[in-house]
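Here the structure is laid out as structure tokens; the discussion comes afterwards.
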Amino acid sequence: MLMSKMVLQTVKQAPNDVTILSQSLMMRAGFIKSVANGIYTLTMPAQLACQNIENIIREEMNRIDGQEIKFPVVMPKELWEISGRYYSIGSEMARFKDRNGRDMLLGMTHEEAAVHLCKNLILSYAQLPSMIYQIQTKFRDEPRCRGGLIRVREFTMKDAYSFHMTQEDLDDYYYKVHYAYERIFQRIGMKRFISVKSDTGMMGGSVAHEFMLLTDVGEDTLVLCDACGYKANMEVADSKAVETSSTELEQSLEQVYTADAKDIEQVSKYLDITAEKTIKAVVYAVKGDNEKVIIAFVRGDKEVNEAKLKKVVKVNIVPWEADGESGIVAGNIGPIGLNKKIQVVYDKSIKNAVNMVVGANKADFHIKGFCTSRELKNAEFYDVIKVKEGELCPICGKPLHLENGIEIGNIFQLGTKYTTSMNMTVLNKEGKEINPIMGCYGIGVGRALASLIQESNDENGMILPISIAPFKAHICALRLDDENVSTETNKLYNSLKEKGISVLCDDRNVSAGVKFADADLMGMPIRIVISPKSLKNNEIEITLRKTRESYKIPLETASSYIENLILDMMKEYK
RNA sequence: CGAGGUGUAGCGCAGUUUGGUAGCGCGCAUGGUUCGGGACCAUGAGGCCGCAAGUUCAAGUCUUGUCACCUCGACCA
């Protein structure tokens, strides 16, 4: 590709409001152009890089016997009514009517389509296990997009669906997909990625893992144990239960005046105790019904993990909005004497606690001497708190630490949620109808590219791994007014093209500095300089983007040298 | 959906306080000089100042409304 003809412009300055490095670099290099909020056009280099990522994904999915297919983007309402998700999913699903007034939607995932396809085609156990996958556009009307291609509304995703007769077979295949994912991320050049246990969310199912790129700008918080390798998303992460000392004598309950001390910090300061000796009430309401109040009681120094709480109460929750009617005294809420109609969840952090301070459900007062085992005789305790840095690993007891990550892929064991609701059955060996067990597996292609750039860059620009680089080589021809330079540049460019090598040739009439700066910014792995200076010795100059390593090679062997260099560099990603 | 912010040339911005000729840098075009790390000189093209209503002799600037985008939160298969 000739740089002068490419529809793209590099710019020195990214827009001021761009905060994420990968987005800034992609905007500066002209890789993406925003069309609307969370909707981007990819220019040639970004599109080629995505294609390269897709091809690596294909190779690895095919290696585990995946069959590439293609589902439609637009689907009728009826398909999604059977599974119930037409109603359970909110406004992130784009819906519209066709010309005949029929309700349609844009696909945001394809479980329903997968079952629809397979339910009359897979009839016998002999056809399983089987996996289908596609690489296709998804639309999700995200409430808030961010980070360029990190979180968008329209994106390309590889999504795969597998069907199995038994849980053992799914377990076995799930492990294979896990391995395939590791290979995919390694091959596209990702370095700091891990897989963590994750929440199954609205997809349903039991076991799930997310592949995460560790980076400060990640939207997810991960809980990691260096000692034993425990890794989990904060949404599901656990820590070792804190042992409470049983030596303390139980005091009797006593109401104390706490003035206008409302939050844990103020109360513990007012009473001169630590936050660990208080019980905090966090108030939620069922989404869409502020009257249906749910209160979580956790130890004062802990924070509520809403994802865990949602699982316990089995409804979608939102922070409660004080209304002055419910009899809830915000800032003085406690378990004793609370309106019985209110649903209450006790966290395991307050089990066995003695002599705690709790709200008195009365303005300006708290209660001292609260002992959980005495006051809450038949209470059940759940795990609804967030793990904090330094708490102990639930497996090995060593300190945990927290890191942020971007989700670059996920794998789910779906179970029979969709095969049951959509009535897909397969005959087993005994001739009995059973609902096959499903797994589903996703990777966002554009997000993978953005994540790579987020991870791989320096002060001059992005550094693209050769496995996915849109152009393997980037020729900077200096002084094209020099006939010799012009001739040799054309010769090398055409020779590389004939070898099937994707090469970018900067043939613009701009200064050397501009060409070098743009080459650095765009991050192609091999830079080739052809100039009057280098040609004087019948040489060209090669510089590796990643290491800055630079050397001269004879003109006559240049083409084959570069070809071999690329083959050699590609070996790392096989 | 809640809080805050921004809309002026393709991109980045100033001008808005105090109403009075539409500006700067980059980029683009033409000519010339340069030429291995974002060169220089000259000339030029490019604007419904987000949109709509209002106040005024006069609105980029003031008022009201509206739309879009950005940041933080909520949400997120």
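These numbers come from a predicted model, not from an experiment. So that the names make sense, note that chain A is the first sequence line, chain B the second, and so on, each numbered from 1. FYI, side chains are in, hydrogens and waters are out, and symmetry mates aren't considered; it's all heavy atoms of this structure.
Heavy atoms of A/Asn410 sit nowhere under 4.0 angstrom from any nucleic acid atom. The residue A/Glu112 sits apart from the nucleic acid: no heavy atom pair falls under 4.0 Å. A/Met27 comes within 4.0 angstrom of no nucleic acid atom, judged by non-hydrogen atoms across all strands. Nucleic acid contact class of A/Val529 (heavy atoms, under 4.0 Å, all strands): base. Among the protein residues, A/Arg153 comes within range of no part of the nucleic acid, since none of its heavy atoms lies under 4.0 Å from any strand. At a threshold of 4.0 angstrom between heavy atoms, the contacts of A/Ser534 include nucleobase atoms, whether or not backbone atoms are also involved. Among the protein residues, A/Tyr284 comes within range of no part of the nucleic acid, since none of its heavy atoms lies under 4.0 Å from any strand.
A/Asn509 places its CG atom 13 Å from the P atom of B/U33, with the value rounded to the nearest Å. Look at NZ on A/Lys552: it is 14 Å from P on B/G36, rounded to the nearest Å. Distance CZ (A/Arg146) to P (B/C72): 7 Å, rounded to an integer number of Å. For the pair A/Glu142 CD and B/C70 P, the computed distance is 13 Å after rounding to whole Å. Per the geometry, CE belonging to A/Met108 stands 16 Å off P belonging to B/C75, to the nearest Å. For A/Ile39 and B/C70, the CD1 to P distance is 11 Å, given to the nearest whole Å.
Proximity of the aromatic rings of A/His209 and A/Phe412 is defined here by a centroid distance below 6.0 angstrom, and this criterion is not met.
Side-chain N/O atoms of A/Lys310 include one lying less than 4.0 angstrom from OP1 or OP2 on B/C76. At least one side-chain nitrogen or oxygen of A/Ser511 sits closer than 4.0 Å to the OP1 or OP2 atom of B/A39. Residue A/Asn37 has no polar side-chain atom (N or O) positioned under 4.0 Å from OP1 or OP2 of B/A68.
Enclosure of atom NZ in A/Lys77 by more than 12 non-hydrogen atoms of other residues, nucleotides or ligands within 6.0 angstrom is indicated. Other residues, nucleotides and ligands contribute more than 12 heavy atoms inside 6.0 Å of the CD atom of A/Glu389.
Side-chain N/O atoms of A/Arg144 and base N/O atoms of B/C76 include no donor-acceptor pair closer than 3.5 Å. Residue-to-nucleotide contacts include a donor-acceptor pair under 3.5 Å from the side chain of A/Ser531 to the base of B/G36. With hydrogens and angles ignored, no donor-acceptor pair closer than 3.5 Å exists between the side chain of A/Arg508 and the base of B/G27.
The pair A/Glu219-A/Arg146 counts as a salt bridge, with a side-chain nitrogen and a carboxylate oxygen less than 4.0 angstrom apart.
In this structure, B/A42 forms a base pair with B/U30, meeting either the Watson-Crick or the G-U wobble geometry with both donor-acceptor distances under 3.5 Å.
Without hydrogens or angle criteria, A/Gln266 side chain to A/Asp263 main chain gives a donor-acceptor distance under 3.5 Å. Side chain of A/Tyr493 to backbone of A/Met1: a donor-acceptor contact under 3.5 angstrom is found.
Comparing the P positions of B/C1 and B/A58 gives an interatomic distance of 38 Å, to the nearest angstrom. B/U16 and B/C26 are spaced 23 Å apart, taking the P atom of each and rounding to whole Å. Rounded to a whole angstrom, the distance from the C1' atom of B/C49 to that of B/U21 is 15 Å.
Between A/Glu306 and A/Gly147, it is A/Gly147 whose nearest contact on RNA chain B lies nearer the 5' terminus.
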Q) Can you check side-chain hydrogen bond (donor to acceptor under 3.5 Å, both in side chains) on A/Glu142 and A/Asn37, steps first, answer last? A) CA-CA 10 Å; A/Glu142 291 282 346; A/Asn37 179 18; over 6 Å; no
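Donor-acceptor pairing under 3.5 Å is recorded for the side chains of A/Gln413 and A/Gln167.
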List, with names and distances, any nitrogen or oxygen atoms from the protein found under 3.5 Å away from nitrogen or oxygen atoms belonging to nucleotides 4-14 of chain B.
{"from": "B/G12", "atom 1": "O2'", "to": "A/Gln13", "atom 2": "OE1", "distance (Å)": "3.1"}
{"from": "B/G12", "atom 1": "O2'", "to": "A/Gln13", "atom 2": "NE2", "distance (Å)": "2.7"}
{"from": "B/C13", "atom 1": "OP1", "to": "A/Asn16", "atom 2": "ND2", "distance (Å)": "2.3"}

